[in-house]
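Structure, as structure tokens:
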Amino acid sequence: MRGNGTDEDAMSERRTRELYYEDGYQTQFSAQVLSCKEERDRDFSVILDQTAFFPEQGGQGADRGVLGGRSVLDVQVQDGVITHHLDGALPVGATVAGTVDWERRYDFMQQHTGEHIVSGLVHHHFGYDNVGFHLSEEETRLDFSGPIGEQDLLRVEEEANRAVWSNLPVLVSCPEPAQLSTLSYRSKLELKKNVRIVEIPGVDRCACCAPHVRSTAEVGIIKLTGVMNYKGGVRLTMVCGLRALKDYRNKQSCGEQISRLLSVRQGEITEGVRALQERLQAAESENQRLSEMLLERQAASVPGPECRRHALLFVESAPQGAMRRLVNTWAGQYRGLAAIFSGNDAEGYRFILGSRTVDCTALAEVLRAQGFRCGGGKGYLQGSAPGSEAKIRAILQEQ
Ligand SMILES: [Zn+2]
């Protein structure tokens with residue numbers, strides 16, 4: 001399938017007619033295959049004489065769909081050449097049918113047109129430029145060159161939706177250079193010719209090559225969903241159309257589930273979660289108090305310093321802070337080691353160990369040789385120990 005004939009190379013250099021410029025609603029088309037190359041396993045790059053597949057550009061993901069019975073996995077454009085990446089080969093010279101995935105295309109058209117409305121309004125009110133745009137199935141992200149406060153964002157959001165309700169036309173034109181020079185419009189590139197102007201009267205005028213809906217009403221709803229400070233400006237996320245409806249459904253479902261779980265009315269779930277948090281904090285500090293009390297009781301079973309060199313205690317679990325305090329106290333009382341192990345024989349133990357007399361650096365070496373993992377400093381060690389209580393006791397008794 002590799003193109004090696006000069007005729008084929010000459011054909012592939014022909015510029016592809018961009019049907020998506022002419023009509024964003026066209027999903028069916030037929031085209032001639034100019035070239036087909038196998039890039040790697042199950043990735044064939046195909047160039048057509050014309051295409052309705054919008055390639056990835058300007059931060060917006062490419063269309064998907066079917067071409068000549070093959071799945072369109074991606075569409076890229078470089079130096080004006082549009083390449084379709086397919087999961088199978090197409091015969092060069094053949095005429096093939098293409099179908100653009102309309103669900104995805106229309107979703108992108110709604111998000112993208114909503115982005116024009118918001119960017120136009122932000123530019124109008126604050127003079128900021130849209131300096132970054134990302135549109136994928138997961139997210140629509142807009143970066144603006146200056147900060148916008150919370151109240152101003154609410155105002156922009158409401159005004160954007162008023163533009164939707166006004167059912168304004170989305171006008172596309174390619175003005176002659178002379179006429180273009182008299183127009184003011186938003187643009188990321190300094191283009192002089194073949195500039196495609198997309199205008200929403202009274203809201204936005206912008207140079208843009210992507211497919212848009214015909215009227216702002218088709219955007220359905222514009223909802224800003226997030227804002228963060230970004231490079232001296234702001235980064236917004238937004239949802240429009242069906243995506244906004246799905247987002248609403250999801251949030252409603254979350255609200256309903258939380259409401260049921262907390263047994264409070266939906267309007268009171270914030271108070272419900274706060275009350276739950278307070279109960280949790282109270283339970284945690286009570287648990288801490290009881291655990292420390294339990295450790296004290298268990299510590300009472302350890303034979304005193306008058307009859308033992310080492311103080312060794314094995315417990316199922318204990319708070320780290322309380323373990324550390326007790327080990328410190330014991331280290332001052334016992335002649336040998338003071339150590340508390342928390343865990344069980346099957347899963348191993350975590351431990352804290354202290355001593356005023358034993359060289360802990362040398363002891364660490366001995367313990368590591370027995371499979372312990374530990375670190376520490378002068379007079380103390382902590383880490384984890386494998387094996388059973390009996391084995392650990394035997395190792396430490398020798399010290
Ligand atoms: Zn656009």
Side-chain angles (χ1 to χ4, degrees), residues 18-27 51-64 75-77 80 82 100-102 104-124 128-137 139-145 156-157 159-161 163-164 166-175 180 183-224 235-244:
E18 296 128 325
L19 299 171
Y20 51 83
Y21 276 170
E22 297 161 31
D23 181 5
Y25 291 76
Q26 183 180 358
T27 58
T51 187
F53 285 100
F54 179 76
E56 178 181 351
Q57 57 187 313
Q60 178 166 334
D63 281 330
R64 297 284 185 274
V75 188
Q76 293 290 324
V77 59
I82 298 169
V100 174
D101 175 344
W102 176 241
R104 178 183 163 96
R105 159 68 73 83
Y106 195 62
D107 171 58
F108 278 32
M109 282 159 64
Q110 286 184 315
Q111 314 310 314
H112 183 107
T113 309
E115 180 269 324
H116 273 267
I117 296 172
V118 171
S119 295
L121 291 173
V122 167
H123 189 258
H124 173 75
Y128 300 150
D129 292 321
N130 176 326
V131 289
F133 177 57
H134 169 81
L135 169 52
S136 66
E137 267 176 42
E139 193 178 47
T140 307
R141 216 166 57 207
L142 298 72
D143 299 337
F144 290 103
S145 56
V156 166
E157 185 181 76
E159 217 174 304
N161 280 285
V164 170
S166 299
N167 192 15
L168 303 168
V170 180
L171 307 167
V172 179
S173 61
C174 294
L180 191 64
L183 282 181
S184 92
Y185 57 94
R186 297 189 299 112
S187 177
K188 283 178 194 156
L189 302 170
E190 284 297 319
L191 296 174
K192 292 279 180 279
K193 56 179 187 176
N194 295 327
V195 179
R196 187 169 180 262
I197 295 291
V198 177
E199 181 172 6
I200 301 169
V203 176
D204 187 39
R205 191 187 289 133
C206 181
C208 183
C209 59
H212 307 79
V213 293
R214 291 188 189 110
S215 126
T216 57
E218 287 186 60
V219 177
I221 184 169
I222 297 175
K223 184 75 192 83
L224 303 181
R235 167 167 283 183
L236 304 183
T237 49
M238 63 186 280
V239 286
C240 298
L242 181 59
R243 209 183 274 211

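In listed order, ligands and their atoms are each counted from 1. Atoms considered below: every heavy atom in the structure, side chains included; atoms not considered: hydrogens, waters and symmetry mates. Keep in mind it's a predicted model, so treat the numbers as computed, not measured.
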Tell me whether Cys208 has at least one N, O or S atom under 2.8 Å from the Zn ion (ligand 1). yes

Restricting to N/O/S, name the atom of His112 that gets closest to the Zn ion (ligand 1). NE2

Under the 6.0 Å and 45° cation-pi test, does Arg214 pair with Tyr25? yes

Say whether Tyr185 and Glu199, considering side chains only, have a donor N or O and an acceptor N or O under 3.5 Å apart. no

Answer with yes or no whether the side chains of Asp107 and Gln111 bring together a donor and an acceptor at under 3.5 Å.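 Yes, because at least one side-chain N or O of Gln111 sits under 3.5 Å from a partner of the opposite role on Asp107.
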
I need the single residue from Ile222, Val203, Leu121 that forms a side-chain contact (heavy atoms from CB on, under 4.5 Å) with Glu159. Which is it?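 So the option named by the test is Leu121.
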
When you draw lines from the Zn ion (ligand 1) to NE2 of His116 and to NE2 of His212, what angle lies between them, to the nearest 10°? 100°

